[in-house]
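Everything below concerns the one structure shown next.
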Amino acid sequence: MTTAAPRRRHRDSEQDEHPGRPRRVVGPVPAMDGRAPTAHDLLLLHCPSSLRQTVSGGEPMPHWTRSVLRGNPWVTVRRAPVLAGFAPDRVRCTRDASAAPESWVPVSLRGPRLEQRATGYAPRSAVAVTLKPEQLPDRLEQLSPDRLLIPALAALPAAAEVVEGYHLSWGPIGAVGCELATGVPVTASESPLRLLLRSPLPFSRRDALLLRRKLRKLPVWVEADLETRHGAVSLAEYSTSPQVLTLHTPDGPRLVGDPWFPRAA
């Protein structure tokens, strides 16, 4: 008890040295909250104007994003660190101004034109709904019949049969995931079917090779990622048994030998 107070005062003094500066949230995102958004989740925002390109400077998003978010206030969580802090001029929505510093989720947004891509941060207080990739396959029946003629959408049931045989939690991402979440027809006839395969435990290379071969038999190009506890690795790359793999983490890509027990390679 005699040493607890000085340590607490020391930590407080360190935090006060840089008031308002966004901080990296220590530890994995799920440790913050069991419902915390993770990479490839789709977020419905009830306060789209609170989006910022950066948290420290509070810069607003590009001008074209306003019209996009006005009609379709969905964003995708990107693989980057979650930050904590206040943007100087941000809209606080209905959040209590006296509450603890906001958590800022890294997100991406695409516009109707190919060159319209933007990244930024959304405050957790502005998130109304979170949809994970695993929740999206059941929404296929909500699309109009003409949309089910698009190859990437039409192949989803067949892909489900293939993946579920390996007892992996999975879901579509990319254009297919966005369309299933938002209902906006963004999947083109040439769009690939991108899949996220959650594999918290090691997945054998033999099974990865067999799974990849089965997915290649589908009448659409399939791109699949194995999501480990440390990041994501391409199923195609992992199945070819290279000694060095690219593991995509919130801090950027890493070269590792084992995506489940990553060490510098």
Side-chain angles (χ1 to χ4, degrees), residues 20 22 29 36-95 102-133 135-136 139 142-144 146-147 150-153 171-194 196 221 223 225 232 248 250 252-253:
V29 174
T38 54
H40 299 295
D41 287 356
L42 280 300
L43 308 180
L44 176 63
L45 305 178
H46 66 76
C47 188
S49 61
S50 63
L51 280 178
R52 290 293 183 269
Q53 281 188 299
T54 61
V55 179
S56 58
E59 293 87 353
M61 298 292 284
H63 181 73
W64 61 265
T65 62
R66 298 180 183 178
S67 59
V68 172
L69 290 169
R70 188 178 300 114
N72 182 32
W74 287 87
V75 293
T76 304
V77 179
R78 56 190 173 91
R79 199 180 299 277
V82 173
L83 302 179
F86 290 114
D89 62 342
R90 75 177 182 84
V91 178
R92 295 185 181 275
C93 300
T94 57
R95 191 171 183 275
E102 179 68 271
S103 295
W104 291 80
V105 181
V107 298
S108 62
L109 175 67
R110 63 173 62 187
R113 296 201 298 269
L114 184 61
E115 70 276 9
Q116 290 180 328
R117 298 291 185 270
T119 60
Y121 291 87
R124 283 287 305 276
S125 60
V127 178
V129 176
T130 301
L131 286 178
K132 296 186 174 296
Q135 298 174 273
L136 301 179
R139 301 171 68 91
Q142 300 179 15
L143 301 182
S144 59
D146 63 298
R147 296 303 299 168
I150 302 296
L153 293 168
I173 56 178
V176 172
C178 288
E179 180 160 346
L180 292 176
T182 66
V184 178
V186 295
T187 308
S189 58
E190 67 276 10
S191 295
L193 175 57
R194 297 185 58 202
L196 182 71
W221 181 258
E223 300 174 359
D225 290 336
H248 298 276

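We use all heavy atoms of the structure for the numbers below, so side chains are in, but hydrogens, waters and symmetry mates are not. For reference, positions follow the sequence shown, starting with 1.
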Student check: side-chain heavy atoms of Thr65 and Leu51 closer than 4.5 Å
no
Output the distance between atom CD (Gln142) and atom CG (Leu136), rounded to the nearest 0.5 Å.
10.0 Å
From Ser103 atom OG to Leu83 atom CG, the distance as rounded to the nearest 0.5 Å
9.5 Å
Report yes if the side chains of Arg110 and Thr76 come closer than 4.5 Å at any heavy-atom pair, otherwise no.
no
Tightest non-hydrogen contact, residues Arg147 and Val186, listed as NH2-N, 4.2 Å
Are the side chains of Arg194 and Val176 in contact, using a 4.5 Å heavy-atom criterion?
no
Considering all heavy atoms, the nearest Val68-Gly111 contact:
CG2-CA, 4.2 Å
Is a side-chain donor or acceptor of Arg139 paired with a backbone partner of Leu180 at a separation under 3.5 angstrom?
yes
Heavy-atom closest contact (Ser191 atom, Ala152 atom, distance):
O-CB, 3.5 Å
Would you compute the distance between atom CZ of Arg70 and atom OG of Ser49 and round it to the nearest 0.5 angstrom?
10.5 Å
Atom pair CG (Asp146) and CG (Leu153), whose distance is rounded to the nearest 0.5 Å:
10.5 Å
Going through the distances and angles, do Val75 and Leu69 end up as a side chain to side chain contact (heavy atoms under 4.5 Å, CB included)?
CA-CA 9 Å; Val75 293; Leu69 290 169; 4.1 Å; yes
Walk me through whether Leu131 and Trp74 qualify under side chain to side chain contact (heavy atoms under 4.5 Å, CB included).
CA-CA 10 Å; Leu131 286 178; Trp74 287 87; 3.6 Å; yes
A side-chain contact here means heavy atoms from C-beta on lying under 4.5 Å apart; do Leu42 and Cys178 qualify?
yes
Does some side-chain heavy atom of Leu45 sit less than 4.5 Å from a side-chain heavy atom of Val127?
yes
Considering all heavy atoms, the nearest Trp64-Ala118 contact:
CZ2-CB, 3.7 Å
Is any side-chain heavy atom of His40 closer than 4.5 Å to a side-chain heavy atom of Arg79?
yes
Evaluate Thr38 against Val77 for side chain to side chain contact (heavy atoms under 4.5 Å, CB included), listing each step before the verdict.
CA-CA 6 Å; Thr38 54; Val77 179; 5.7 Å; no
Please check if the side chain of Arg78 supplies one atom and the backbone of Val107 the other of a donor-acceptor pair under 3.5 Å.
yes
When every non-hydrogen atom of Cys47 is compared with those of Ser50, the smallest separation belongs to O-OG, 2.7 Å
Under a 4.5 Å cut-off applied to non-hydrogen side-chain atoms, are Pro123 and Arg52 in contact?
no
Does some side-chain heavy atom of Arg124 sit less than 4.5 Å from a side-chain heavy atom of Pro37?
yes
Nearest 0.5 Å, what's the CG-OG1 distance between Asn72 and Thr182?
5.0 Å
Find the distance between CD (Glu223) and CG (Leu196) and round it off to the nearest 0.5 Å.
13.0 Å
Does CH2 in Trp221 sit with more than 12 non-hydrogen atoms of other residues, nucleotides or ligands closer than 6.0 Å?
no
